[in-house]
Number of protein chains: 2
Amino acid sequence: MEQASGQRPLRADAERTVQAILEAAERVLSADPAATMEQIARAAGVARTTVHRRFTSRDALVDALAEWAARQFHDAVASAHPDSAPPLVALYQVTANVLRVKLGWGFAMGRSGPGNPEVDRVHAEVIEQCGGLFRRAQEHGVLRPDVDPEWARRVYYALIHEATRERSHSKAPERVDELATRVVDTLLQGVGQEGPPLTRDSGPKGTPRS
Amino acid sequence: MEQASGQRPLRADAERTVQAILEAAERVLSADPAATMEQIARAAGVARTTVHRRFTSRDALVDALAEWAARQFHDAVASAHPDSAPPLVALYQVTANVLRVKLGWGFAMGRSGPGNPEVDRVHAEVIEQCGGLFRRAQEHGVLRPDVDPEWARRVYYALIHEATRERSHSKAPERVDELATRVVDTLLQGVGQEGPPLTRDSGPKGTPRS
DNA sequence: AGAATACGCTACATCGTTGTTGCAAGTTGC
DNA sequence: GCAACTTGCAACAACGATGTAGCGTATTCT
């Protein structure tokens, strides 16, 4: 077992094949989570038997995929120094980094599920870091004191996920910055006008009271 | 084809069986989208063959489920009068109604996909209504003028979806109101302190250090 | 009560997917 | 150039899920 993880040094072409399979699996499985090995193999431009040679089973393949994505995810968050940089800077940096990764590996990151314990461990670690960041943000007055940090984190995740569902997947760096700005803006400010909305009546416009 | 849709008047007990199957399918499929007919049948308390008697195929079952959920979704939105009530009232009402439905039928609503054209039509209609509501909200000064209405709608969907992922699924009415309040609050205000965050430097704030 | 309908159960046919094996041909690396 | 490695291809076995059919029994409706 564990053929995909560098058990023994693979030859150059074999290494490329593994990479091609992983990328194809990402693409195909994000479109249809129940896709067959045949579809994945065709998308990777290899024979189905070759896929089985590199990954002992279908589960092993999606496991490797999830593990690879989890590592990318972790690195994207960690490289933004979420527990040392100023909260707002770190928040933006984390957002941009994660978006960059998730734009290309959307499938493998969503389907974490209780499968690989290693993947769960990494995800929990990331949640821990995000939680710490949000706590610091709250102490620094970036977040409102009365919001549940857990809810804030989940909203944050959801916004990032939604941002990756944008039309026209141009992975250009400036596009990522634009998306990150929108995510952070929406997270902190929402989409409404200033002023507490629910405590006031439905009073339409007229008195924006600038 | 089309056995589930009242082709011919079913007997009372048969009608109940159909209902039980749909509810069980919702529960089981939300836990595992690739669940077997056997699992669904067991969960419904009937034999697998009975499921096949009521639904010609597996696809027909999930189709019926999606159609049923789409109708519920549509009714939940329409009954809030999204294009006549004051925007803020309508927004809250729509949120509460949709939450009420989705708390019990989360699976069938997420998996819309390009399957049943009727389902797609209903969903498009709902999106149309939401779009109109958000446009009116913008005109009434509830939404900021510079936000993309489409982005606002997607954020709205994501927040509702996230709210249904809460621990402890108590479908108590007051719980729904609490969730709806949180969703609308977060949508309009976000989770941050007042003031534009990204234009200012990382400086935490006016020294809250109590 | 009687006819129609619905259900559970068993058995069976079919199909698609998974995973394996062997061999020939092509590629890489020394 | 040669040995080791890798891939494609074809064939095969095993498995689970889907869908069908028949029969005996239970329920509903009138």
Side-chain angles (χ1 to χ4, degrees), chain A residues 1-66 107 111 115-116, chain B residues 1-66 107 111 115-116:
Chain A
M1 45 199 92
E2 289 271 347
Q3 285 177 306
S5 303
Q7 190 83 321
R8 171 177 50 149
L10 290 173
R11 225 171 61 180
D13 53 347
E15 200 77 54
R16 267 174 302 177
T17 300
V18 169
Q19 199 72 16
I21 292 175
L22 285 176
E23 291 176 5
E26 158 59 32
R27 264 176 298 153
V28 174
L29 289 177
S30 69
D32 174 20
T36 59
M37 298 288 269
E38 180 71 37
Q39 297 174 255
I40 297 174
R42 301 283 290 189
V46 298
R48 185 175 63 90
T49 49
T50 300
V51 180
H52 277 108
R53 255 192 285 263
R54 295 291 159 227
F55 303 92
T56 50
S57 72
R58 191 182 195 280
D59 288 341
L61 173 56
V62 309
D63 249 40
L65 203 60
F107 162 75
R111 318 267 157 177
N116 194 331
Chain B
M1 49 201 91
E2 290 270 345
Q3 282 179 310
S5 303
Q7 188 82 320
R8 172 178 50 150
L10 290 172
R11 224 170 64 182
D13 53 349
E15 200 77 55
R16 265 174 301 170
T17 300
V18 169
Q19 199 71 17
I21 292 175
L22 284 176
E23 291 175 4
E26 160 59 32
R27 263 175 300 152
V28 174
L29 288 178
S30 69
D32 174 19
T36 329
M37 297 288 269
E38 180 71 37
Q39 297 175 255
I40 297 173
R42 303 282 290 190
V46 298
R48 187 175 61 90
T49 50
T50 301
V51 180
H52 278 109
R53 254 192 283 262
R54 295 292 159 226
F55 302 93
T56 51
S57 71
R58 191 181 195 279
D59 288 341
L61 172 56
V62 309
D63 249 40
L65 202 61
F107 163 74
R111 317 267 159 177
N116 195 329

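Chain letters run A, B, ... following the sequence lines, proteins first and then strands; every chain starts at 1. Note that this is a predicted model, so its numbers are computed, not measured.
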> Donor-acceptor pair under 3.5 Å: do we get one between A:R53's side chain and the base of D:dG8?
yes
> Among D:dT18, D:dG8, D:dT28, which nucleotide sits nearest the side chain of B:H52?
D:dT18
> Would you call B:M37 and B:L61 a side-chain contact if the rule is heavy atoms closer than 4.5 Å?
yes
> For B:L61 and D:dT18, give me the distance from atom CG to atom P, rounded to whole Å.
10 Å
> Taking only the side-chain nitrogens and oxygens of A:T50, find out if one of them lies under 4.0 Å from OP1 or OP2 of D:dT7.
no
> Please report, rounded to the nearest Å, how far the P atom of D:dA17 is from the CG atom of B:L29.
14 Å
> Please report, rounded to the nearest Å, how far the P atom of D:dA17 is from the CG atom of B:D59.
16 Å
> Where the side chain of B:S57 meets the backbone of B:A60, is there a donor-acceptor pair that is under 3.5 Å apart?
yes
> Report the nucleotide, chosen from D:dT28, C:dC7, D:dG19, that has the shortest atom-to-atom distance to any side-chain atom of B:A12.
D:dT28
> Do the side chains of B:I40 and B:T36 get nearer than 4.5 Å, heavy atoms only?
no
> Nearest to the side chain of A:T49, heavy atoms from C-beta on, is which of C:dC7, D:dC29, C:dT21?
C:dT21
> With the side chain of A:L10 defined as its heavy atoms from C-beta on, choose the nearest nucleotide among C:dA4, D:dT6, D:dG19.
D:dT6
> Starting from the 5' end of DNA chain D, give me the residue, B:Q39 or A:A47, whose nearest nucleotide shows up first.
A:A47
> What is the distance from atom CD of B:E26 to atom CD1 of B:I21, rounded to the nearest 0.5 Å?
14.5 Å
> Given A:F55, which of A:V62, A:D63, A:L22 fulfils the side chain to side chain contact (heavy atoms under 4.5 Å, CB included) condition?
A:L22
> Using whole Å, what does the distance between atom P of nucleotide D:dT20 and atom CZ of B:F55 come to?
15 Å
> Does A:A14 or B:M37 map to a spot on DNA chain D nearer the 5' end, using the closest nucleotide for each?
A:A14
> Nearest whole Å is fine: how far is C:dT27 P from A:E15 CD?
20 Å
> Send over the distance from B:R16 CZ to D:dT28 C1', rounded to a whole Å.
9 Å
> For the base of D:dT18, is there a side-chain donor-acceptor partner from B:R58 under 3.5 Å away?
no
> Just how far, in rounded Å, is P of D:dT28 from CG of B:D13?
6 Å
> Between B:R48 and D:dA17, is there a contact of a side-chain N or O with OP1 or OP2 at under 4.0 Å?
no
> Does A:T17 reach a base, just sugar-phosphate, or nothing at all? Heavy atoms under 4.0 Å.
sugar-phosphate
> In whole Å, what is the span from the CZ atom of A:R54 to the P atom of C:dT20?
14 Å
